[in-house]
Amino acid sequence: MNAPTLINSALNVRGQFPAIADWHYLDSAATAQKPQAVIDAIVQAYSRDYATVHRGVYERSSAMTASFEVARARASALIGGLQSDLIFTRGATEAINLVARALPREGRSRVLLSSLEHHSNIVPWQLAGYAVDAVPLTADGRIDLDAAEAMLTDDHRVVAFAHVSNVLGSVLDAKRAAAIAHSKGALLLLDGCQAVPRLPVDVAAIGCDFYAYSAHKLYGPTGIGCLWGRAELLEAMPPWQGGGAMIDRVTFAETTFLDPPARFEAGTPHIVGAIGLDAAIQWLDAIGLDAIHAHECALVAECRTALSAIPGVTLYGPEDSAGIVSFNVDGVHAHDTATILDDCSVAVRAGHHCAQPLMDLLGVAATARASFAAHSDSSDIAALVEGIHQVKRIFG
Ligand SMILES: Cc1ncc(COP(=O)(O)O)c(C=O)c1O
């Protein structure tokens, strides 16, 4: 077995993750574990550096404001954007809700989604009153862009697709999706939650209009995410929440608002969250997303080969999925599989993965999902395989 040696040595960052010693953590698609550099940055921000941002005139507050804005610049640069076009939100969910609520509709009433979307990219549009159409998938689990092209009408305001599926790992041809959306005057929003931790992303090269992601899936803290938007679109959007920090002038008769991104950031922001996100991005930059992508592709290939050699294991999604392998063991509920794997110190997610329409399409109630990160290696796959054999032994 040569492959394990290769994959073990590829990134060599496992020791930087204090939470995964003696544990095979294969649930990074749900939330990523944090490297020590991120933990240290958060501790320092709360202990030595803490102060509010954008308000205090004292030096510590000015320094924190500068760090907060550097974090914004880096969070935008990570996906090829400018500092001024990046709004901090509570997560990708809030980012998508923001667009669904605040985007002027220009007389259009529909959104085009796909059958593999996370609930975070379905429910906000429904709550905002859009009519929803869902593009089918190809046989190997990608968003069918030929079908999207055929389904798109002049009444669609937004096409909103996952850049990488959180269940199947399938990677969208995002450039083509942008061209299709724009051909009918619609906008393209990409849900980049699963893409940003595992692929280099460039919003300008893609040509998308909005891009949403969450820090906690990117080795950063929970409670903070990002919405990047094209400047002229953000400029045309009214605020969706009101409060401090987003106003220009308030009287009881009338209130005027700041320019984006401040217009969309009512209230005291998640200051330390931004600092933690910045530390995570610097940590990622030092490794390189190209290297992480190559590492995860090798792990996916090894995992798919190993699991498909086990009789009675069904794999979902395309061969070249990004960092994510969903599977089921015949006749065993995914929750039972995950429970037995837990006894073997292997953490996988089991359930509908917040993608119930996709489960309906696959004809299953749930799947088990192994998802990889920079710290994953062949020992995780070996433990997973051994755990699945244990599942089969127990269920006969
Ligand atoms: C593809 C995708 N979109 C959206 C979300 C929602 O992200 P959050 O809960 O961080 O807002 C997730 C999280 O699981 C996801 O995987």
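On a predicted model such as this, the values are computed, not experimentally measured, just so you know. One-based numbering, in listed order, for ligands and for the atoms of each. Computed from heavy atoms alone, side chains included, the values below leave out hydrogens, waters and symmetry copies.
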Backbone of V53 reached by a side-chain donor or acceptor of T65 within 3.5 Å: no
So, R101 and E94, do they make that salt bridge, N to O below 4.0 Å? no
Donor-acceptor pair, side chain of D342 and main chain of A338, under 3.5 angstrom: no
Please check: side-chain N/O of H389 versus main-chain N/O of E386, any donor-acceptor pairing under 3.5 Å? no
I'd like to know whether the aromatic ring centres of H295 and F372 sit less than 6.0 Å apart in this structure. no
Give the protein residues with at least one non-hydrogen atom closer than 4.0 Å to an atom of ligand 1, ordered by chain and number. G91, A92, T93, H118, S120, N166, D191, C193, Q194, S214, H216, K217
Check step by step if salt bridge (charged side-chain N to carboxylate O under 4.0 Å, His left out) holds for D209 and R230. CA-CA 5 Å; D209 301 288; R230 273 205 292 123; 2.7 Å; yes
